[in-house]
Amino acid sequence: MASCGFEGFEKRLELVFELPASGGEVARRGLRLLPAEALREVLDAAQCAVVSAAGNAAADAYVLSESSMFVYPGRVVLKTCGTTPLLRAVPVLLRAAAALRLRLRSCRYSRGEYLFPEAQPFPHAHFADEVAYLDAALPRELLRFRRSAVMPSSSSSSPGASHRWHVYSASSSASSSDADGAARLTAEVCMTELDRGMAARFYQRPGDGRTSHAIGDEMTAASGIGGVVDENDPRSLVCAYAFAPCGYSMNALDGARYATVHVTPEDGHCYASFECATDDAAAALAAIRRAVAAFRPATVSVSISHTSSAASSLCTPVAEALEPLGLACHCRAAEVFPGAGTVTYQTFTAPATKHEHDN
């Protein structure tokens with residue numbers, strides 16, 4: 001934890017690998033065959049650890065001491081908050097995948113604007129350092145197509161330009177593809193200045209002797225965020241975890257789809273995030289709206305990446321979903337990245353008077 005407060009904004013890393021064409025266990029299970037010790041080494045490099053795990057036929061989901069990890073046969077998504085040096089896990093992950101003879105196809109890294117950038121360890125304090133670190137860590141002969149950008153551009157005069165989205169992508173192909181069968185659309189939602197009553201639901205009661213899972217389940221029910229995912233769907237696997245004295249994480253799996261929620265409720269740096277990966281744009285839009293409606297934040301950013309050009313057409317539906325909640329869109333941007341397709345970014349704010357009244 002930084003001396004100025006806990007950094008809620010996450011760093012997100014996604015690596016995609018090509019599975020062997022021939023049959024066998026590696027072709028079917030890929031990265032899911034990594035032994036526990038190999039995963040521990042990856043997480044040690046990022047200075048976090050597994051606190052809870054669950055899985056289904058498509059993927060394994062891990063709640064971490066600092067956010068979440070999802071492991072598919074040909075894909076790993078690692079998301080960490082605080083002052084974790086996430087990118088230091090990249091060389092370790094590449095060595096572990098090489099031991100399974102998996103070939104790297106693409107890498108995508110994204111993050112928002114830190115609340116406490118001065119507290120971040122190298123290479124995370126500056127985006128230029130993160131880009132240089134990834135450029136050096138990723139094999140140039142495999143990932144020839146690379147691009148990084150800060151959205152919106154620094155030349156933007158929009159009032160939302162103070163909230164920026166950082167994206168790095170490297171791929172073996174200039175076009176986007178998703179041959180491993182995992183979800184094609186990823187939505188990342190960052191929320192600050194949460195409704196205080198909502199944030200208070202993510203503190204443990206003193207002396208509560210129940211397990212972190214039991215308290216987490218109660219927080220899910222009390223806050224209403226179980227509605228963000230269909231926890232009553234028999235196909236859904238939901239794992240919630242409460243941290244002491246406060247904080248919350250939840251992972252959900254439904255086939256190859258996943259969703260994850262993280263909450264840092266402390267006054268002064270209150271933050272919540274929601275992320276989902278799906279092949280259904282309408283379901284993603286509905287989940288985004290439910291998440292924002294639950295937390296009632298004063299400031300929201302939404303980034304959507306899609307392996308087709310369809311993401312750029314989602315800016316208007318996102319605004320139409322959130323504006324009835326009292327949020328006004330102040331910024332929108334769209335960029336194309338190799339291997340990742342189109343990435344959009346929008347920021348929304350609530351009127352100051354409304355937020356002060358609600359709190």
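Owing to the predicted nature of the structure, the values given are computational and were not obtained by experimental measurement. Note: hydrogens, waters and symmetry copies are ignored here, and every other heavy atom, side chains too, is used.
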V336-V167 co-clustered via ILVMFWY side chain contacts under 4.5 Å: no

Any residue meeting side chain to side chain contact (heavy atoms under 4.5 Å, CB included) with D208, in chain and number order, not counting sequence neighbours: R205, R210, I215

So do the side chains of E18 and L102 get within less than 4.5 Å of each other, counting heavy atoms only? no

Let me know which of Y133, Y168, F122 forms a side-chain contact (heavy atoms from CB on, under 4.5 Å) with L87. Y133

Could you walk me through whether Q346 and L322 pass the side-chain contact (heavy atoms from CB on, under 4.5 Å) test, one step at a time? CA-CA 11 Å; Q346 295 168 268; L322 298 188; over 6 Å; no

Expected output: side-chain D280 to main-chain A283 donor-acceptor under 3.5 Å: yes

Gap separating the SG atom of C331 from the OH atom of Y345, nearest 0.5 angstrom: 6.5 Å

Residue pair G255 / A58: nearest heavy atoms and the distance that separates them: O-CB, 3.5 Å

Residues passing the side chain to side chain contact (heavy atoms under 4.5 Å, CB included) test with A328, sequence neighbours excluded, are H330

ring-ring contact (aromatic ring centres under 6.0 Å, His included) against H166, all qualifying residues, sequence neighbours excluded: F127

Treating S169 as the side-chain partner and P338 as the backbone partner, does any N or O pair qualify as donor plus acceptor under 3.5 Å? yes

Kindly indicate, with the supporting measurements, whether the criterion side-chain contact (heavy atoms from CB on, under 4.5 Å) is fulfilled by C329 and E323. CA-CA 8 Å; C329 183; E323 285 171 352; 4.1 Å; yes

Partners passing salt bridge (charged side-chain N to carboxylate O under 4.0 Å, His left out) against R103 (at least two apart in sequence or in another chain): none

So does L143 get a backbone contact from the side chain of R146, meaning a donor-acceptor N/O pair under 3.5 Å? yes

Audit row: R111, E130, salt bridge (charged side-chain N to carboxylate O under 4.0 Å, His left out) steps and yes/no: CA-CA 11 Å; R111 67 167 175 86; E130 292 174 315; 2.8 Å; yes

Would E266 and Y271 satisfy side-chain contact (heavy atoms from CB on, under 4.5 Å), going step by step from the backbone distance to the final call? CA-CA 8 Å; E266 295 96 329; Y271 171 84; over 6 Å; no

Any side-chain donor-acceptor pair under 3.5 Å between S249 and H262? yes

Between the side chains of S273 and E10, is a donor N or O closer than 3.5 angstrom to an acceptor N or O? yes

Determine whether a donor-acceptor pair (N or O, by modelled atom type, separation under 3.5 Å) exists between the side chain of T211 and the backbone of A214. yes

Are V92 and L31 connected into the same hydrophobic cluster when the rule is that any two of I, L, V, M, F, W, Y join if their side-chain heavy atoms are below 4.5 Å apart? yes

Got L15 and L93 here, is their nearest side-chain heavy-atom distance under 4.5 Å? yes

Which residues share a salt bridge (charged side-chain N to carboxylate O under 4.0 Å, His left out) with E188, sequence neighbours left out: R108

Just by modelled atom types, is the C270 backbone N or O under 3.5 Å from a matching donor or acceptor in the D267 side chain? no

Hydrophobic side-chain clustering at under 4.5 Å (ILVMFWY, transitive links): who's grouped with F243? Put none if nobody. V51, V63, Y241

Contacts satisfying ring-ring contact (aromatic ring centres under 6.0 Å, His included) that involve residues 42-71 (not counting sequence neighbours) are F70-Y258

Answer whether the closest heavy-atom distance between the side chains of R101 and P20 falls below 4.5 Å. no

Side chains of D279 and L185: does their closest heavy-atom pair fall under 4.5 Å? no

Identify the heavy atoms of I304 and A187 that sit nearest to each other, and give their distance. CG1-CB, 4.1 Å

Residue pair F9, C81: steps toward the side-chain contact (heavy atoms from CB on, under 4.5 Å) verdict: CA-CA 6 Å; F9 275 91; C81 56; over 6 Å; no

Separation between SG of C239 and CE of M250, rounded to the nearest 0.5 Å: 10.0 Å

Not counting sequence neighbours, which residues clear ring-ring contact (aromatic ring centres under 6.0 Å, His included) with Y248? List them please. F202

Would you call V343 and S303 a side-chain contact if the rule is heavy atoms closer than 4.5 Å? yes

Decide whether Y109 and F145 are clustered together by the hydrophobic rule: side chain heavy atoms of Ile, Leu, Val, Met, Phe, Trp, Tyr closer than 4.5 Å, transitively. no

When rounded to the nearest 0.5 Å, the distance separating OG of S106 from CZ of F337 is 13.5 Å

Hey, does T260 have a side-chain heavy atom less than 4.5 Å from the side chain of F274? no

Tell me, please, which residues at least two apart from R32 pass side chain to side chain contact (heavy atoms under 4.5 Å, CB included). R29, D60, V71, P73

Between R290 and V228, which heavy-atom pair has the shortest distance, and what is it? NH2-O, 3.2 Å

Could you check whether any side-chain N or O of K11 sits under 3.5 Å from a backbone N or O of L78, counting only pairs where one atom can act as donor and the other as acceptor? no

Counting only N and O atoms by type, is there a donor-acceptor contact under 3.5 Å from the side chain of T84 to the main-chain atoms of L86? no

Does the R164 side chain pair with the main chain of V150, one donor and one acceptor, at a distance under 3.5 Å? no

Got a second to check how far L104's CG is from S172's OG, nearest 0.5 Å? 8.0 Å

Inter-residue atom distance Y114.OH - T83.OG1, 0.5 Å rounding: 10.0 Å

So, taking the atom named CG in L64 and the one named OG in S52, what distance separates them when rounded to the nearest 0.5 Å? 10.0 Å

Set of salt bridge (charged side-chain N to carboxylate O under 4.0 Å, His left out) partners for R12, sequence neighbours left out: E14, E275

How about T299 and H163: does a side-chain donor come under 3.5 Å of a side-chain acceptor? no

How about W165 and T344: do any of their side-chain heavy atoms sit closer than 4.5 Å? no

Check whether Y203 and M198 end up in the same hydrophobic cluster, where Ile, Leu, Val, Met, Phe, Trp and Tyr are linked by side-chain heavy atoms less than 4.5 Å apart. no

Over all heavy atoms of both residues, which pair between G30 and L19 is shortest? Give the atoms and the distance, please. CA-CD2, 3.8 Å

Could you tell me which non-hydrogen atom of V263 sits nearest to which non-hydrogen atom of P265, and how far apart they are? O-CD, 3.8 Å

Sequence neighbours left out, what passes salt bridge (charged side-chain N to carboxylate O under 4.0 Å, His left out) with R289? Give chain and number order. none

What side-chain donor-acceptor pairs closer than 3.5 Å can you find for residues 40-47, not counting sequence neighbours?
from	atom 1	to	atom 2	distance (Å)
R40	NH1	E37	OE1	2.3

P297 versus L327, closest heavy-atom pair with distance: O-CD2, 3.8 Å

Indicate yes or no: at least one non-hydrogen side-chain atom of L314 is less than 4.5 angstrom from one of T316. no

